[in-house]
2 protein chains.
Amino acid sequence: MATKEMRRTTLSEMKDRYIGQVGTPDRDSYEYELKMEVLGKMIKSARKERNMTQEQLGKLIGVQKSQISKLESSANSATIDTIMKVFKALKADINFHVKLEDDFVKLA
Amino acid sequence: MATKEMRRTTLSEMKDRYIGQVGTPDRDSYEYELKMEVLGKMIKSARKERNMTQEQLGKLIGVQKSQISKLESSANSATIDTIMKVFKALKADINFHVKLEDDFVKLA
DNA sequence: TATAAAGTTGCTATATTTAGAAACTTTCTC
DNA sequence: GAGAAAGTTTCTAAATATAGCAACTTTATA
């Protein structure tokens, strides 16, 4: 615990783990909804890493445990504001990666 | 234009460009607010890459140009829902990277 | 410099998120 | 299995985001 290295979790990893590998039926469709689900799972997973309960995390931010529960289960489309508050409390650095796909499809 | 490779923009790059290098006065404070600002700038930058006007992008999503303007200027804390709609319309893949920092500070 | 195009800002209304409180369910631990 | 701890759900109120519209400002372009 004390000597663990920088932990890094990417959305891709989470997708692979929870949704399925790329190419699998349920991957590319539902992408939109699933991303929110994954975000909730990331909060949960980060909280677990910190060995915190929902109540403890809530107290750090100033909300009740039920709020945390809702966020983790993606009950709604969270605000950037909220997401950042949470990850900040978890001493996690969250950032957004945007990948602009090429206009032209490559032929295999 | 036709042969351009996969374009990739990270939050870190944007921070360096718009806010300043790490270590600079204004980088680590205001972090919270600035991330939202950067997100807006990323939308704008992605839209420009696509050579779109705010009106065109708005039409793709089904909102008016004033909405896009507000998003790009980070008038408010956008919803994940909204952000994904925008980037989807821009044919951009957005994902979240979460980095859990180590509990122990490394000594230089 | 006119004119058009693109982008911004204020105002309003509606929809949705945030949040607390309390009851409830699940999970752990003895 | 009983009790406690952790997590979930429902209901309600409040704050905030979304959105349209129209007027306005800025930027391009003829």
Side-chain angles (χ1 to χ4, degrees), chain A residues 1 14 17-18 30 32-92 94 96 98 100, chain B residues 1 14 17-18 30-90 92 94 96 98 100:
Chain A
M1 216 45 167
M14 299 289 286
R17 203 179 309 157
Y18 290 108
Y30 305 111
Y32 173 75
E33 268 189 29
L34 288 171
K35 272 185 180 172
M36 292 206 279
E37 276 183 38
V38 170
L39 188 66
K41 282 185 208 285
M42 285 170 91
I43 293 173
K44 183 170 194 167
S45 138
R47 175 175 62 80
K48 294 268 185 194
E49 287 278 343
R50 294 302 192 207
N51 274 94
M52 280 186 196
T53 66
Q54 292 183 338
E55 192 161 30
Q56 288 173 319
L57 177 54
K59 198 159 281 174
L60 275 179
I61 303 168
V63 302
Q64 252 173 290
K65 60 180 181 175
S66 59
Q67 281 311 308
I68 306 297
S69 173
K70 284 163 192 168
L71 286 171
E72 291 184 356
S73 66
S74 304
N76 43 27
S77 175
T79 291
I80 295 292
D81 202 89
T82 302
I83 293 162
M84 294 212 269
K85 253 189 281 184
V86 171
F87 281 111
K88 190 164 201 169
L90 288 167
K91 288 196 193 307
I94 183 170
F96 310 90
V98 175
L100 268 186
Chain B
M1 215 45 165
M14 299 289 287
R17 203 180 309 159
Y18 289 108
Y30 306 112
E31 190 75 10
Y32 175 72
E33 267 187 31
L34 287 172
K35 272 184 180 172
M36 293 205 280
E37 275 183 37
V38 170
L39 188 66
K41 282 186 209 284
M42 285 169 91
I43 293 173
K44 183 169 194 167
S45 138
R47 175 175 62 83
K48 295 268 185 196
E49 288 277 344
R50 295 301 192 207
N51 273 94
M52 280 188 197
T53 67
Q54 293 182 337
E55 193 161 30
Q56 290 173 318
L57 176 54
K59 197 158 284 176
L60 274 180
I61 305 169
V63 302
Q64 252 173 288
K65 60 180 181 175
S66 59
Q67 282 310 308
I68 306 298
S69 173
K70 284 162 191 168
L71 285 171
E72 290 185 356
S73 66
S74 305
N76 44 26
S77 175
T79 292
I80 295 292
D81 203 89
T82 302
I83 293 162
M84 295 213 268
K85 254 189 281 184
V86 172
F87 282 110
K88 188 164 203 170
L90 287 167
I94 182 170
F96 310 90
V98 175
L100 268 186

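Computed from a predicted structure; not experimentally measured. Proteins get letters first, then strands, A, B, ... in listed order; numbering begins at 1 in each.
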**Item:** Working for side chain to side chain contact (heavy atoms under 4.5 Å, CB included), residues A/N51 and A/Q56
**Value:** CA-CA 10 Å; A/N51 274 94; A/Q56 288 173 319; over 6 Å; no
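- Comparing B/S69 and A/L71 by the nucleotide of DNA chain C that holds the closest heavy atom to each, the one mapping nearer the 5' end is B/S69.
- Counting non-hydrogen atoms under 4.0 angstrom, B/A75 reaches nothing in the nucleic acid.
- Atom CD1 of A/I80 and atom CD1 of B/I83 lie 3.0 Å apart (nearest 0.5 Å).
- When the C1' atoms of four end pairs are superposed on the next four at each end of the helix from C/dT1-D/dA30 to C/dC30-D/dG1, using five pairs per end, the two resulting axes differ in direction by 60°, to 10°.
- In this structure, CD of A/E55 is placed 9 Å from C1' of D/dA5, rounded to the nearest angstrom.
- Applying the salt bridge (charged side-chain N to carboxylate O under 4.0 Å, His left out) test to every pair with at least one member in residues 66-75 of chain A, sequence neighbours left out, gives these pairs: A/R47-A/E72.
- Nucleotide D/dA17 holds its P atom 7 Å from the CG atom of A/D81, rounded to whole Å.
- With rounding to whole Å, B/L57 atom CG is found 14 Å from D/dT18 atom P.
- The NZ atom of B/K85 lies 11.5 Å from the NZ atom of B/K88; values are rounded to the nearest 0.5 Å.
- Applying the side chain to side chain contact (heavy atoms under 4.5 Å, CB included) rule to B/T79 yields the partners A/S77, A/T79, B/D81, B/T82; only residues at least two apart in sequence or on another chain are considered.
- Mapping B/K48 and B/T79 onto DNA chain C by nearest heavy atom places B/K48 at the nucleotide closer to the 5' end.
- In terms of heavy-atom proximity, A/L90 sits nearest to B/L100 at O-CD2, 3.6 Å.
- Only B/G62, B/V63, B/Q64, B/S66, B/Q67, listed by number, bring a heavy atom of residues 58-68 of chain B to less than 4.0 angstrom from any atom of DNA chain D.
- Of all non-hydrogen atoms in B/S74 and B/E37, the two that sit nearest each other are OG-CA, 3.4 Å.
- Look at NZ on B/K70: it is 17 Å from P on D/dT16, rounded to the nearest Å.
- Taking CG of A/L39 as the reference point, atom CG of A/L71 lies at 8.5 Å (rounded to 0.5 Å).
- Across the protein-nucleic acid pair, B/Q54 atom CD and D/dT18 atom C1' stand 16 Å apart, rounded to whole Å.
- Between the CD atom of A/E55 and the OG atom of A/S69 there is a distance of 12.5 Å, given to the nearest 0.5 Å.
- In this structure, A/Q56 atom CD and D/dG7 atom C1' are separated by 13 Å, rounded to whole Å.
- Rounded to an integer number of Å, the gap from CD1 of A/I43 to C1' of D/dG7 is 15 Å.
- At whole-Å resolution of the value, CG in A/N51 and C1' in D/dA6 are 14 Å apart.
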Just distance, no hydrogens or angles: give the donor-acceptor pairs under 3.5 Å from side chains in residues 57-66 of chain A, sequence neighbours left out.
none

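- Of all nucleotides in DNA chain C having an atom under 4.0 Å from a heavy atom of chain A, the first and last in 5' to 3' order are C/dT17 to C/dA21.
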